[in-house]
Q: 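Sharing a structure below in structure tokens format, with a few things to ask.
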Amino acid sequence: MRLLATVCLLIGVDDEWGSPVFKVDYAWHCLPFYVATSGAKDQEAVNFLEKKVDDMKGYDLDQTVRVAIMCLGAVLGDVGS
């Protein structure tokens with residue numbers, strides 16, 4: 001039996017090979033990602049991150065966190081409207 005509408009994000013930390021991100025969806029597809037999103041506004045976040053992903057490969061931790069916060073602000077910014 002498989003659970004419907006569930007997504008699992010597996011994130012590892014590896015100094016030698018980089019940090020792997022795997023997204024396992026409800027159909028048991030396990031795919032590697034450089035950035036991954038999940039949730040109700042998944043497509044909006046993917047669109048935002050696709051524009052930034054080429055520049056992000058050289059980012060340090062601080063710059064990566066800033067992009068993640070900018071993504072949250074861009075996607076969830078219209079919640080109060």
Q: Any side-chain heavy atom of Met70 within less than 4.5 Å of one from Phe48?
A: yes
Q: What about Tyr59 and Val65, same hydrophobic cluster or not, with Ile/Leu/Val/Met/Phe/Trp/Tyr joined at side-chain heavy-atom distances under 4.5 Å?
A: no
Q: Shared ILVMFWY cluster between Ile69 and Leu61, side chains joined below 4.5 angstrom?
A: yes
Q: Within this structure, what is the NZ-SG distance for the pair Lys41 and Cys71, rounded to the nearest 0.5 Å?
A: 11.5 Å
Q: Are the side chain of Glu50 and the backbone of Asn47 linked by a donor-acceptor contact shorter than 3.5 Å?
A: no
Q: Rounded to the nearest 0.5 Å, how far does CG of Leu49 lie from CE of Met56?
A: 6.5 Å
Q: Grab the two heavy atoms, one from Pro20 and one from Val13, that are nearest each other, plus how far apart they are.
A: CD-N, 4.5 Å
Q: Using modelled atom types and a 3.5 Å cut-off, is there a donor and acceptor pairing between side-chain atoms of Lys23 and backbone atoms of Val7?
A: no
